[in-house]
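The structure under discussion appears below in the form of structure tokens.
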Amino acid sequence: MEELNKTYSPKEIESKWYKIWEDSKYFAGKIEEGKESYSIVIPPPNITGILHMGHILDNSIQDTLIRYKRMCGLNTLWVPGCDHAGIATQNKVERMLAEQGIKKEDLGREKFLEETWKWKEKYGGIITNQLRKIGASLDWDRERFTMDEGLSKAVRKIFVDLYNDGLIYQGEYMVNWCPRCGTALADDEVDHAEKDGNLWHLKYPVKDLDEYIIIATSRPETMLADVAVAVHPEDERYKHLVGKKLILPLVGREIPVIADEYVEMEFGTGALKITPAHDPNDFNLGKKYDLPIINMLTPEGNVVDDYPRYAGMDRFEARKAIVKELEENGVLVKVESLKHNVGHCYRCSTVVEPRVSKQWFVKMEPLAKKALEVVRNGEIKIIPKRMEKIYFNWLENIRDWCISRQLWWGHRIPAWYGPDNHMFVAMTEEEAYVQAKAHYGKDVKLVQEEDVLDTWFSSALWPFSTMGWPEKTKELETFYPTSTLVTGADIIFFWVARMIMFGLYEMKEIPFKNVFFHGIVRDEIGRKMSKSLGNSPDPLNLIEEYGADAIRFSMLYNTSQGQDVHFSEKLLEMGRNFGNKIWNVARFVIMNLEGFYVKSVNKDELRFELVDEWIFSKLNETTKEVHDCLDKFLLDDAAKAVYEFLRGDFCDWYVELAKVRLYNNEESGKKSKTTAQYVLWTVLEAGLKLLHPFMPFITEEIWQKIKVEGETIMLSQFPVVDEAQIKPEVVNSFKYIQGVISSLRNIKAEMGISPAKEVKVVIKTSDENELKTLEDNYLFITKLAKIEEMTYGKDVTKPEQSGFRVTGNSEVYMILTGLLNVEAEIKKITEQIEKVQKDLDKVNAKLADERFTSKAPAHILERERRIQKEYQDKMDKLTENLKNFQ
């Protein structure tokens, strides 16, 4: 059997194995009749993206699930792909061109798109190559892109279907507008943040009267576009002014005073300036009273030429100039400080501007009803369950979705306009011309809609468009609906809900059965990771230092279901140390399997002892727990179960016990040695399979050295539970052995005795099972606990000077005579007792003080009582030790 290298080198084995796996097509989604199927579609990263810690967590979870199901023998498919990221990509290309002194308008649409495709080919694959670094076992032959030919056809098909069903419409409405990106944004593409601002109180004079109305506004620059002032119809302060005209300061325009119950009398001054072009609520009032819409800003956020004094000024520059002029003209009454929520573009963080424009919308309410139903009836399971409330709340209060974007990069809306602006919606330009000829009775020239679709529109089709829809493919038949969606909770509205709506609409089926939301990766003090804060490590550097296996395992081990992860590099040390432990123990096992071949072993001739039955019982208990936890998406519990079994049960206990038989050269010990070798090989091989979904690289490398058959561990069978080998009585008996050995080790540690020092031990027990366990496992206990002589029985005499522990029903004594300087030990213990007593007296006094106990919060009292117990337990142990010496 080929040995492992002395030193574990993640860098060396990880780069080697991924290439072999990919070249060998082990990740390929196979379609075998009669097999259950399991599929996941990757949340498509943006083509502008690079790997960050959130990707590491998200893809480690998906890879663990897909590797587990693959080993369980299912037809598995994990679909890779990227999103075209309309706004982000266009911004990148525009910036690249700007460095050459070129604007996109200089190139024109077609040339600009050519440049964007070139950029995509050059930079768009960075993140997919980085995903290979973490071992993501994606079926790369099925990689998709949201603007590839098949997916583009799917986008056009659903657009036409929705339009023909009356679910897509065009209209002039108030939208969120990003002046930087030059496009409309959906409501959920706007990030809100609380900012410090001001409330300016301004005098609007009444025409022909020596009166004025004071209005309060947080955006004084928009007064240039005011068309009315609204008051409540029952407000006694303003009743006499309803129907009168006001003179708009700075502009001189006459605007009416209108009455509407929408106005809150108690808020501000009770008078509301109405600017339909720059506020969504004002827009609705404007429609109600047929008020004009005056726009005072360009799409770039600058003042329009209609106001020469401010023309061309940025909106915030204009604010300063207007406030100054208002102050000089005596219009400004006062300024109040204000905290208010300000919307920002989710892509570039520019302050969003409400803007009236003609856009395309999807009617969401009919689609949302069905999407609510499938979660309520359990067809789709959301994990963790508390996320259902957020999902329900959004869908129950949903607004129509603005799907048009004023960009060039993206899916161009499949609508064409004739000479009289009559619109034709079709799958292709040819179909549009056929429609136009039927409409006009002759050939006419058509012009396609300039706008493109929101990026989230195409990604909402992802679970079925990636599998070939609208064609009827074998992939769709086998893998749709997909099994599981793994994603962050921050895109529940952007993506998850819309996929459910579009899947139900077009496929008449749910798009996935389970949605697993993981938390956000934050830094140690809970901040979201970002480049600007400098708290976001480069995962590639971490992989270079720790290895992908260590990072994957550490992240999964420390991520509780649905909870955010507080990341620090210290977490990765655990994964790296665990990897080293597995490597070293595997190396030891392989070195001791010389001359052993598992297929030639006759199991009937093996001599299984308690320790063997115990490790098989623990293996099957762990296997059962891992199956259960992975099926319930408790990945951290599954990782912990594997860790505790391999590191604790196998490495720390069984391997140490096996040494007793491996190094026994007596003729009678040959059968026992072969048994130990068989169990070591069997448990190591099964343990590697249990660990493989979490740490694929190291497990493949080791498994290749000990395998009997098969090409790769990832296609071998995941361990199956053998209920007959789960033996609670065996586990309890071995737990007693562990207790005896641990007790003796602890006594040595407390007394400052070398762990390697052989000692004499007396164990007193009347428990028949414990006596038999001591008799049957005498050699194991004495070897592991470094015992020179062990006496046990019902009537043994307690030694005069000894360390003492209770294990099960046994009194365990370590004879200390001749091992210690008695006077020095008594002095040391006495000093420790005095120190602990002082600390105990302080906490006792605090808890005896009624003034403290009556006022202290419950968690403080609980903490103090816990400290009290810890000191008391310490005192009891020290007192017992002192008795042993006296």
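By the 4.5 Å heavy-atom criterion applied to side chains, Val351 and Pro179 are not counted as neighbours. For the pair Thr275/Met223, no side-chain contact is recorded, criterion being any heavy-atom separation below 4.5 Å from C-beta on. Residues Val352 and Leu185 form a side-chain contact, since some pair of their non-hydrogen atoms from C-beta on lies under 4.5 Å apart. At least one side-chain heavy atom of Gln359 sits less than 4.5 Å from a side-chain heavy atom of Gln406. Looking at heavy atoms from C-beta onward, Ile168 lies in side-chain contact with Trp360 at the 4.5 angstrom threshold. Taking the side chain as every heavy atom from C-beta outward, Ile322 and Leu224 approach each other to under 4.5 Å. Between Ile255 and Tyr204, the closest side-chain pair of non-hydrogen atoms falls below 4.5 Å. In this structure the side chain of Tyr169 reaches within 4.5 angstrom of the side chain of Asp400, judged on heavy atoms.
Ring planes of Tyr163 and Phe159: parallel class, angle under 30° (limits at 30 and 60°). Below 30°, between 30° and 60°, or above 60°: for His84 and His411 the angle between ring planes is above 60°, a perpendicular geometry. Ring geometry for Trp456 against Phe494 counts as parallel: the plane angle stays under 30°, on a 0 to 90° scale with 60° as the upper cut.
In terms of modelled atom types and a separation under 3.5 Å, the side chain of Thr269 and the main chain of Ile214 share a donor-acceptor contact. Under the 3.5 Å distance criterion, the side-chain polar atoms of Arg219 are left unmatched by any main-chain donor or acceptor of Asp279. Counting only distance, with no hydrogens or angles, the side chain of Arg237 and the backbone of Met265 share a donor-acceptor pair below 3.5 Å. Of the possible polar contacts, none joining the Arg405 side chain to the Gly410 backbone as a donor-acceptor pair under 3.5 Å is found. With hydrogens and angles ignored, the 3.5 Å screen pairs no side-chain donor or acceptor of Asn302 with any backbone N or O of Thr298. With hydrogens and angles disregarded, no donor-acceptor distance shorter than 3.5 Å links the side chain of Tyr307 to the backbone of Val251. Listed for the Tyr238 side chain is no donor-acceptor partner under 3.5 Å among the backbone atoms of Ala259. Put simply, the side chain of Arg319 never gets that close to the backbone of Glu221: no donor and acceptor are under 3.5 Å apart. Although no hydrogens or angles enter the test, the distance criterion places no donor-acceptor pair under 3.5 Å between the side chain of Arg498 and the main chain of Ser459.
For Phe457 and Phe502, the ring centers are positioned less than 6.0 Å apart.
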Derivation of the side-chain contact (heavy atoms from CB on, under 4.5 Å) call for Leu291 and Leu285: CA-CA 8 Å; Leu291 298 171; Leu285 274 179; 5.5 Å; no
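Within the model, atoms CG of Asn91 and OG1 of Thr48 stand 9.5 Å from one another, a figure rounded to the nearest 0.5 Å. If you take CZ on Arg386 and CZ on Phe517, they are separated by 10.5 Å, rounding to the nearest 0.5 Å.
Minimum heavy-atom separation, Gly270 to Asp235: O-OD2, 4.3 Å. The two residues Ile390 and Phe493 come nearest to each other via the heavy atoms CG2-CZ, 3.4 Å. Contact record, Met364 with Arg399: CG-O, 3.3 Å, taken as the closest heavy-atom pair. Of all heavy-atom pairs between Cys348 and Arg180, the closest is SG-CG, 3.5 Å.
A donor atom on one side chain and an acceptor atom on the other are not found under 3.5 Å apart for Tyr262 and Asn284. For the residue pair Tyr505/Asp161, the side-chain donor-acceptor check at 3.5 Å is not satisfied. Of the N and O atoms on the side chains of Lys273 and Thr222, at least one donor lies less than 3.5 Å from an acceptor on the other residue. A donor-acceptor pair shorter than 3.5 Å cannot be found between the side chains of Glu194 and Asn341. Between Glu379 and Asn377, the side chains place a donor N or O and an acceptor N or O closer than 3.5 Å (distance only, hydrogens not considered).
The pair Glu373-Lys370 does not meet the salt-bridge criterion, since no charged nitrogen lies less than 4.0 angstrom from a carboxylate oxygen. Checked for salt-bridge contact, Asp196 and Lys339 meet the test: a charged N lies under 4.0 Å from a carboxylate O. Taking 4.0 Å as the cut-off between side-chain N and carboxylate O, Lys358 and Glu450 do not count as a salt-bridged pair. Ionic pairing of Lys244 and Glu211 is not present here: no N-O contact between side-chain nitrogen and carboxylate oxygen is shorter than 4.0 angstrom.
Stacking of Lys92 on the aromatic ring of Trp119 is not recorded, the 6.0 Å distance cut-off and the 45° axial limit not both being met.
Summarising the local packing, NZ of Lys508 is surrounded by more than 12 heavy atoms from other residues, nucleotides or ligands at distances under 6.0 Å. Dense packing is recorded around CZ of Phe316, with more than 12 heavy atoms of other residues, nucleotides or ligands lying under 6.0 Å away.
The only option from Glu449, His422, Gln448 that meets the side-chain hydrogen bond (donor to acceptor under 3.5 Å, both in side chains) definition with Tyr417 turns out to be Glu449.
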